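Before any comments, here is the structure.
Quick caveat: nothing in here was measured; it's all calculated off a predicted structure.
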Amino acid sequence: MGYDFQAIETKWQKEWAERRCFEVEADPNKPRFYCLEMFPYPSGALHMGHVRNYSMGDMLARFLRKRGLNVLYPMGFDAFGMPAENAALKYKTKPHDWTWQNIEYMTSQLKRMGYSYDWRRRVESCNPDYYRWNQWIFLQMYRKGLVYRKTAPVNWCEPCGTVLANEQVVDGACWRCGTPVGRKNLEQWFIRITNYAQELLDNIDTSLSGWPDRVRTMQRNWIGRSEGARLSFRVPELDYTIEAFTTRFDTVYGITFIALAPEHELVRIMLDKMPAEKAKEMEAFVARCAAQSSIERSAVGGEKLGFETPFTGRHPVSGEPVPIWLANYILMDYGTGAIMGVPAHDQRDFEFCRKYGIGIIPVIQPEGEHLDGATMEVAFEGDGLSCNSGRFDGLPTQRAIQEMIDWGEREGLCQREVNFRLRDWLISRQRYWGTPIPFVYCPTCGVVPVPEDQLPVLLPEDVEVREVGHSPLLDMPEWLATTCPSCGGPARREADTMDTFFCSSWYFDRYCSPGHDKGAFDTKDTDYWMPVDQYIGGIEHACLHLIYARFFTMFLSDLGMLKVREPFTNLLTQGMVIKDGAKMSKSLGNVVDPTEIVEKYGADTVRLFILFAAPPQNDLDWSEQGVEGAHRFLGRVWRCVEDNLNDLKRHGTDRVPMAELKDPALRDFKRKIHSTIVGVTHDIDEEKQFNTAIAKLMELTNALYAFKPSDETGYRLQREAVDVLLNCLSPFGPHIAEELWQMLGNPGLVSTAPWPVPEEDALGADSVTVVVQINGKVRAKLELPVGLDEAKLREIALAEATVRERIGSATILRTIVVPDRLVNIVVKA
RNA sequence: GCCGGGAUGGCGGAAUGGUAGACGCAGUGGACUCAAAAUCCACCGGGAGCAAUCUCAUGGGAGUUCGAGUCUCCCUCCCGGCACCA
């Protein structure tokens, strides 16, 4: 009858759904496991990257379920976002309709793959039942002082018509559309994620040992902590104090100038107090810097531009005047936007001073050298001994930093300070298809939060998206107009919506309590299910979603809603799916549609291929020949059951214990069965090497083909092998395993059958190949019984004819014996 | 520049410091067939040899070790992240 994968797969998908095999409830008496995948954006159809991600997760979920764990394995959709608006424009539809259509279609595709989700828990972030809790959480953040509005130069993406968070600017360009990002001054909503910078950083080392090093490093870099001191320069003429941050307070005696960012607030004050002519020049300089793109301005080795102001600040230690300059390489959004210029020990300052003829004073001497400010060619940024630094002369750099800051703090010259590269999270988006920010503007009361009992602020669904430079919400006076919750007077709704990363920062909590309407989730559920034990997704979220989600978890924990501080215990970042040397993408036209492949080969084949072709972290080269190979393997499994079905059924499932087996061939075969269980379990559970787990199943299949039973014992062993093979195969190719399991008359479903347990006495070998080496080179291989002691092994090895011949007249210096493994004879001619 | 990860057959990739190349793809030969496909069986890193076998080989160079793809140091190249961050 052959392997009719289409019929089999639809049959079992229906069966699993009807039997509700994969629906789970929190049960404190059962050991739990939370297996999570990054939920997809409902872009229209699944792509191979999704299939890879979810095939890994499903395999794990099925495996762990069989091992007796109560496995939460949910799926949902990250459904707000720009593409829906673009699609609405293109196809003359509504974002709401387009999105929901895609959600339903992609759900059907996921079901066709046979993934074992608990579908009752599906979450859609565009559903008011979900986003009302976005609004609620946002209000809690507001209450805790984590939300603020600020007019600031923000990253602006013109094609997207909206601002971007820092995390969403990649190489100076928009993370979604790739357009270079501009600057715009806007009043926007921010979240103080920086309040959590230290914990976000600390936990990388203490709590994220289950994450790849790569991601941990990326987050560490992104948060970017640096320790140092804040010091100030008094500017008496302007009655102003310039604050600056430095990590090198030990170089304070080497200051020869002060540099400000052209956007620094002091610039305006100085302009007012300057002769008109000079002020004009300075304004021109500021304008010139403003015209430089962010990429230009932050390019390494970019040209340093400076402008000398007619003012001076007082050196914090000596009180001497220090010239104040404006410089294009000083960034307003790091530190204080002002620096102490130490050209001798900072390469950027050095280049600046050489260009503008500012003095250079070395205050650290490297070992065995003597630096002279007049002749130095590069700044010395390493460690050495302090000089020209008064009482600190002669101190080694690391000590100098500490002792000088201690002294500075005592004298009131500086304060220890820690700076982070991480910026607050800008969450407003000037887009329609997102969660409305629950605030109103009242002419009397100002910016007023919408009371919790009035949530959700519903996003109107019946809108027409038009190609205009602003959100369609602004064209809906009936939606915008509201009353002030505070005074009851007329007010206007906030028309900005939230960054969609807000939605994806807590969806995994919501999965724990589907449909809960008393809160974002029920703590009874999250107390049981959280944290996520295994999270699987793409590396591209290393500094976006994975930082935001960690922050949310800390915040919700501070509210007392979560018991955990970190959401994801183990993280697996899967590689991309590549074809013809490039990532599959529509623009390159190298996309392979999963649906077509599933029709041609079946879901089991696709799953198997995608897990077998490469280790999870590596990129995976799509190869239709490889797919055929996977299909061929499943065909072999099928035939090896179908062709022997009568024999396999006739002899029953009673196992023959190892102790009763005498024939070495049978004993070997029994061992193969049980070492497969051990190996596959190890590869999945400990190594997360799904490719080698599959390789071991292929080996067992090959052994089954080579095995020709001749008696009752042999047939029973064959049945044992087939049952183990199907059981271990079922997480990878669940449909075919289920069908064959049933054909054999096994009770129940293989999906819910316990994972096989290896028989201990079927693992140890009767004999082993002992390698005889001479000076580390393999010279003989001996098949010997297990457990011989060192002396015996040495004796046997030395007695071997080829070995004796090899040694000849050479002197044996020593012999290393590793029992059951090798004998290494060290000789000297 | 700094940080992280890599480099193994024609290809994807295996190898607790102990037989390098599991498993698969591609390839070669055979069986079955009128023939092909499918399937089954065998071979499949380089060099030498009729063969047994020998020899070289895990990016390059040193080192530790009885023994190194694996550990240490240096170098080359590739991938990823951060970067005029004070």
Original post:
Watson-Crick or G-U wobble partner for C40(B), using a 3.5 Å limit on both distances?
Top reply: G30(B)
Original post:
Are the side chain of Glu381(A) and the backbone N or O of Gln347(A) linked by a donor-acceptor pair below 3.5 Å?
Top reply: yes
Original post:
Does Gln689(A) put a side-chain nitrogen or oxygen below 4.0 Å from OP1 or OP2 of A15(B)?
Top reply: yes
Original post:
When you compare G13(B) with G69(B), how far apart are their C1' atoms, in angstrom units rounded to a whole number?
Top reply: 14 Å
Original post:
What about Asn221(A), does its side chain sit under 3.5 Å from the base of C82(B) through a donor-acceptor pair?
Top reply: no
**OP:** For nucleotides G45(B) and A51(B), find the distance between their P atoms and express it as a whole number of Å.
**Re:** 15 Å
**OP:** Quick one: sort the Trp638(A) and Tyr3(A) rings into parallel, tilted or perpendicular, breaks at 30° and 60°.
**Re:** parallel
Subject >> Any donor-acceptor pair under 3.5 Å from Asn328(A) side chain to Cys289(A) backbone >> reply: no
Subject >> Output field: ring centroids His345(A)/Phe350(A) closer than 6.0 Å >> reply: no
Original post:
When syn is taken as a glycosidic angle within 90 degrees of 0, is G63(B) syn or anti?
Top reply: anti
Subject >> Flag, side chain of Thr251(A) to backbone of Arg248(A), donor-acceptor distance under 3.5 Å >> reply: yes
**OP:** Determine yes or no for a side-chain-to-main-chain donor-acceptor pair under 3.5 angstrom, with Asn824(A) supplying the side chain and Gly776(A) the backbone.
**Re:** yes
Subject >> For C25(B), the Watson-Crick or wobble partner whose two distances fall under 3.5 Å >> reply: G10(B)
Original post:
Ile539(A) CD1 to C3(B) P: how many Å, rounded?
Top reply: 19 Å
Subject >> Pair Phe352(A) + Tyr329(A): ring centers closer than 6.0 Å >> reply: yes
**OP:** Using a cut-off of strictly less than 4.0 Å, decide whether Arg806(A) has a side-chain nitrogen or oxygen near OP1 or OP2 of C54(B).
**Re:** yes
Original post:
Between C23(B) and G17(B), how far is it from one C1' atom to the other, in whole Å?
Top reply: 24 Å
Original post:
Nearest to the side chain of Trp222(A), which nucleotide is it out of U19(B), G13(B), C82(B)?
Top reply: C82(B)
Subject >> Pair assignment for A86(B), Watson-Crick or G-U wobble, requiring both distances under 3.5 Å >> reply: none
Subject >> RNA chain B: 5'-proximal contact among Thr247(A) and Thr217(A) (nearest heavy atom) >> reply: Thr217(A)
Subject >> Per-nucleotide protein contact string for nucleotides 21-26 of chain B (B base, S sugar-phosphate only, - none; heavy atom under 4.0 Å) >> reply: -BBSSS
**OP:** Could you tell me whether the side chain of Arg779(A) has a donor or acceptor atom within less than 3.5 Å of a complementary atom in the base of U53(B)?
**Re:** no
Subject >> Distance, P atom - from A68(B) to A57(B), rounded to whole angstrom >> reply: 12 Å
**OP:** Please state how far atom NZ in Lys781(A) lies from atom P in G18(B), giving the value in whole angstrom units.
**Re:** 16 Å
Subject >> Sole residue of Glu783(A), Arg821(A), Lys781(A) in side chain to side chain donor-acceptor pair (under 3.5 Å) with Thr769(A) >> reply: Glu783(A)
**OP:** With C1' as the reference atom in both, quote the distance from G80(B) to G9(B) in angstrom, rounded to an integer.
**Re:** 27 Å
Subject >> Side-chain N,O (Arg220(A)) to OP1/OP2 (G81(B)) below 4.0 Å >> reply: no
**OP:** With a 3.5 angstrom cut-off on both distances, give the Watson-Crick or G-U wobble partner of G4(B), or none if there isn't one.
**Re:** C79(B)
Original post:
Looking only at N and O atoms, is any donor in the side chain of Gln347(A) or the base of G1(B) less than 3.5 Å from an acceptor on the other one?
Top reply: no
Original post:
Would you say C40(B) has OP1 or OP2 under 4.0 Å from some side-chain N or O of Tyr705(A)?
Top reply: yes
Original post:
Does the side chain of Arg214(A) get closer than 4.0 angstrom to OP1 or OP2 of G80(B) through an N or O atom?
Top reply: no
Subject >> Given RNA chain B, 5'-ward residue of the pair Val818(A) and Tyr334(A), judged by closest heavy atom >> reply: Val818(A)
**OP:** Give none if G69(B) has no partner; otherwise give the nucleotide forming a Watson-Crick or G-U wobble pair with it, both distances under 3.5 Å.
**Re:** none
